[in-house]
Amino acid sequence: MEETRNLTCIGCPLGCSIQVEMENDKITGIFGNTCKRGEVYARKEVTHPTRIVTSTVCVEHGIIPVVSVKTETDIPKEKIMDVMRSIKKLKVYAPVHTGDVILENAGGTGVNLVATKEVLTKTK
Amino acid sequence: MISSVDIVIIGGGPAGLAAAISAKKNGIEDVLILERDHQLGGILNQCIHNGFGLHTFKEELTGPEYAQRFIDQTEELGIAYKLDTMVMDISSSKTVTAMNTVDRLFEIKAKAVILAMGCRERPRGALNIPGCRPAGIYSAGTAQRLINIEGILPGREVVILGSGDIGLIMARRMTLEGAKVKVVAELMSYSGGLKRNIVQCLDDFGIPLKLSHTVVDIRGRERLESVVLAEVDSHGKPVAGTEEEYQCDTLLLSCGLIPENELSLAMGIKTGSVTNGPVVNECLETNIEGVFACGNVLHVHDLVDFVSEEAALAGKYAAEYVKSDGNHTDAGKEILILHENGVRYTVPEKIHINRMPDELTVRFRVGAVYKNCYISVYAGQKRILHKKKQIAAPGEMEEVRLSKKTLEEISELEQITVKVEET
């Protein structure tokens with residue numbers, strides 16, 4: 001099956017419009033990029049696009065009610081919402097430290113969710 | 001009672017922290033940071049997305065992680081700071097009046113002051129948007145604070161005006177939290193945001209970006225019910241007949257940042273009309289000797305890495321000023337850096353050749369999108385730099401590096417000009 005995927009390159013402010021022609025999930029042509037970086041980006045973006053997910057998780061007894069978190073490495077783009085669903089019900093207890101693992105294997109990605117901030121315990 | 005300190009730094013965000021660390025490393029023991037929030041780190045604490053520190057640390061950090069690296073250094077170096085402290089006034093003789101609930105109202109006499117107060121978002125009142133005044137209208141940064149620090153989702157159906165980076169980041173953030181972001185409208189014909197953010201915050205989630213569009217009406221009595229968007233012509237005026245109504249309970253505004261210079265203006269510091277920040281020389285020193293400025297209070301940056309770099313210089317120059325007992329080395333003649341032809345401003349705006357480092361970074365922004373242009377620097381009539389750029393856009397800060405040696409070789413130099421040259 002032939003298809004054309006349209007992308008915007010994120011390599012620089014030029015933001016080239018890149019067309020990637022595919023046949024049966026194989027790249028048959030990359031057009032529109034003005035440098036090598038564009039081609040590398042397009043190749044990755046149509047075969048296995050990945051993102052780091054950042055969000056927050058509720059904290060009990062903390063000086064603030066939420067702690068910021070991220071996936072330790074990038075995860076497949078189509079799993080972003082799976083990760084978010086796995087975060088939603090979580091609750092952790094203060095103190096939380098930067099780098100603490102908040103959830104293992106977030107959203108079935110095999111990647112851990114870690115805290116990106118210190119949240120100390122609230123003192124009365 | 002008036003206490004005294006060598007260097008006082010107004011603001012404990014990325015600029016203030018980097019300036020303090022640098023001042024200390026350059027031999028000044030007595031450094032004090034005054035911060036109005038209950039923690040150091042400034043706005044980075046609410047910027048929980050990744051992408052910070054690529055230049056400085058060669059890795060992608062989130063805002064809080066980037067801040068923590070500087071906070072850790074501040075603690076390790078034993079730099080003093082006061083939190084929950086509001087600076088009320090700085091006199092032209094560098095006496096700072098501040099207050100908090102522990103020290104109450106107090107005064108500190110400083111040998112040098114570093115201004116690092118950052119910037120604020122342009123509010124609705126400054127945008128002249130017609131319509132009702134219901135609840136549900138927030139600046140993008142306010143919504144960011146509500147979600148990322150206070151754990152509150154401000155609304156469920158969202159329209160965003162302005163495609164600056166904070167607006168784009170919030171489009172993604174609200175979508176991840178389950179809100180429906182219906183559209184991002186941008187008055188200009190191009191986005192001021194980074195390409196990466198357009199792709200990863202809008203395209204990834206199928207959020208439409210309408211360029212050359214603005215909000216022409218806001219409807220709803222108690223709570224926002226809808227906004228009306230219209231296309232604008234080349235003069236930014238709405239085109240009749242292009243109106244479209246969007247049902248929503250939340251409108252986020254991401255329409256530019258303004259350096260927060262009330263303290264600077266009150267102490268008699270001269271500011272530039274384009275940057276709204278202090279006019280500084282090669283030492284990032286303002287028109288008041290011994291008062292330095294860095295970070296977003298000086299001019300609004302895109303990347304925190306450059307804030308840290310600039311602030312470290314301010315800290316170093318403030319340290320040198322204090323070590324010289326307030327006696328600057330003979331500065332010699334002041335040379336103005338003029339901006340022409342598409343260059344909207346430069347920082348610094350004036351330099352003393354005697355005092356400049358071997359290589360001086362001059363940062364600036366262009367006023368429009370230029371493709372295949374040259375950035376040129378003239379010393380008097382002589383072109384000393386001609387740099388080809390595939391693209392220069394208002395959303396990305398540019399820089400040129402001036403060589404001291406080159407400038408010294410030019411006899412009777414009066415002024416330097418930075419401009420965009422096409423073809």
Side-chain angles (χ1 to χ4, degrees), chain A residues 5-18 34-35 37-38 41-42 45 49-60 62-74 76-78 80-85 87-88 91 96-99 114-120 122, chain B residues 38-39 41 44-52 60-69 71-72 145-153 169 172-173 175-178 190-205 302 369-372 389-396 398:
Chain A
R5 299 272 303 274
N6 293 305
L7 304 172
T8 307
C9 182
I10 64 167
C12 83
L14 211 52
C16 295
S17 297
I18 305 179
T34 44
C35 74
R37 274 192 301 170
Y41 170 75
E45 197 62 14
T50 61
R51 303 285 187 264
I52 285 175
V53 177
T54 62
S55 187
T56 51
V57 167
C58 292
V59 185
E60 287 283 334
I63 51 167
I64 51 172
V66 290
V67 61
S68 54
V69 294
K70 69 172 181 185
T71 53
E72 210 164 11
T73 58
D74 45 357
K77 183 179 141 186
E78 68 273 13
I80 293 175
M81 280 308 181
D82 293 344
V83 170
M84 284 307 295
R85 270 186 290 274
I87 292 176
K88 198 158 191 168
K91 188 172 278 184
V96 184
H97 302 292
T98 307
V114 296
T116 58
K117 189 187 275 193
E118 303 283 320
V119 178
L120 301 178
K122 191 192 229 161
Chain B
H38 62 82
Q39 58 182 344
L44 285 173
N45 288 314
Q46 69 182 56
C47 299
I48 64 164
H49 53 281
N50 58 305
F52 298 92
E60 256 189 66
L61 303 172
T62 63
E65 291 172 307
Y66 186 94
Q68 196 60 48
R69 299 216 172 173
I71 295 169
D72 288 347
R145 184 181 170 92
L146 287 172
I147 298 175
N148 294 345
I149 297 202
E150 297 180 25
I152 297 163
L153 187 64
I169 293 286
R172 172 174 64 187
R173 187 74 188 104
T175 305
L176 288 178
E177 287 298 337
Y190 54 86
S191 165
L194 300 171
K195 275 285 175 281
R196 171 197 160 102
N197 285 337
I198 305 236
V199 170
Q200 298 192 351
C201 298
L202 300 187
D203 298 355
D204 273 8
F205 301 96
D302 320 311
V369 178
Y370 294 93
K371 287 188 179 169
N372 293 316
K389 292 286 297 181
Q390 218 178 8
I391 187 160
E396 310 249 343
E398 299 288 341

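Below, chains carry the letters A, B, ... as their sequence lines are ordered, and counting in each starts from 1.
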Residue pair Thr98(A), Arg69(B): steps toward the side chain to side chain contact (heavy atoms under 4.5 Å, CB included) verdict: CA-CA 11 Å; Thr98(A) 307; Arg69(B) 299 216 172 173; over 6 Å; no
>> Checking Glu177(B) against Lys88(A) for the side chain to side chain contact (heavy atoms under 4.5 Å, CB included) test, could you report, in this order, the C-alpha distance in whole Å, the side-chain angles of both residues, the deciding distance, and whether it holds?
In response: CA-CA 9 Å; Glu177(B) 287 298 337; Lys88(A) 198 158 191 168; 5.6 Å; no
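Two residues are said to be in side-chain contact when any heavy atoms from C-beta on lie closer than 4.5 Å; Gln200(B) and Ile52(A) fail this criterion. For the pair Ile198(B)/Thr8(A), no side-chain contact is recorded, criterion being any heavy-atom separation below 4.5 Å from C-beta on.
Annotation: Lys371(B), atom NZ; neighbour count of heavy atoms from other residues, nucleotides and ligands within 6.0 Å does not exceed 12.
Residues Gln68(B) and Thr116(A) have side chains that never bring a donor and an acceptor to within less than 3.5 angstrom of each other.
With a 4.5 angstrom heavy-atom cutoff, Glu65(B) touches chain A via backbone and side-chain atoms both. Only the side chain of Ile80(A) comes within contact range of chain B, judged by heavy atoms closer than 4.5 Å. Interface residue Asp203(B): only side-chain heavy atoms are found under 4.5 Å from chain A. Looking at Leu176(B), both its backbone and its side chain come within 4.5 Å of chain A, counting heavy atoms on both sides.
For the set His38(B), Arg196(B), Gln39(B), the entry with the most heavy-atom pairs within less than 4.5 Å of chain A is Arg196(B). Considering only heavy-atom pairs separated by less than 4.5 Å from chain B, the leading option among Ser55(A), Gly99(A), Cys9(A) is Ser55(A). Options Glu150(B), Arg172(B), Glu60(B) differ in how many heavy-atom pairs under 4.5 Å they form with chain A, and the most are formed by Glu150(B). Chain A forms more heavy-atom pairs under 4.5 Å with one residue of Thr62(B), Asp204(B), Thr175(B) than with any other, namely Asp204(B).
Between Pro65(A) and Ile149(B), the closest heavy-atom pair is CD-O, 3.3 Å.
Once rounded to the nearest 0.5 Å, the distance linking NZ of Lys117(A) with CG of Leu44(B) reads 10.0 Å. Note that CG of Asn50(B) and OG1 of Thr71(A) are 8.0 Å apart. Values are rounded to the nearest 0.5 Å.
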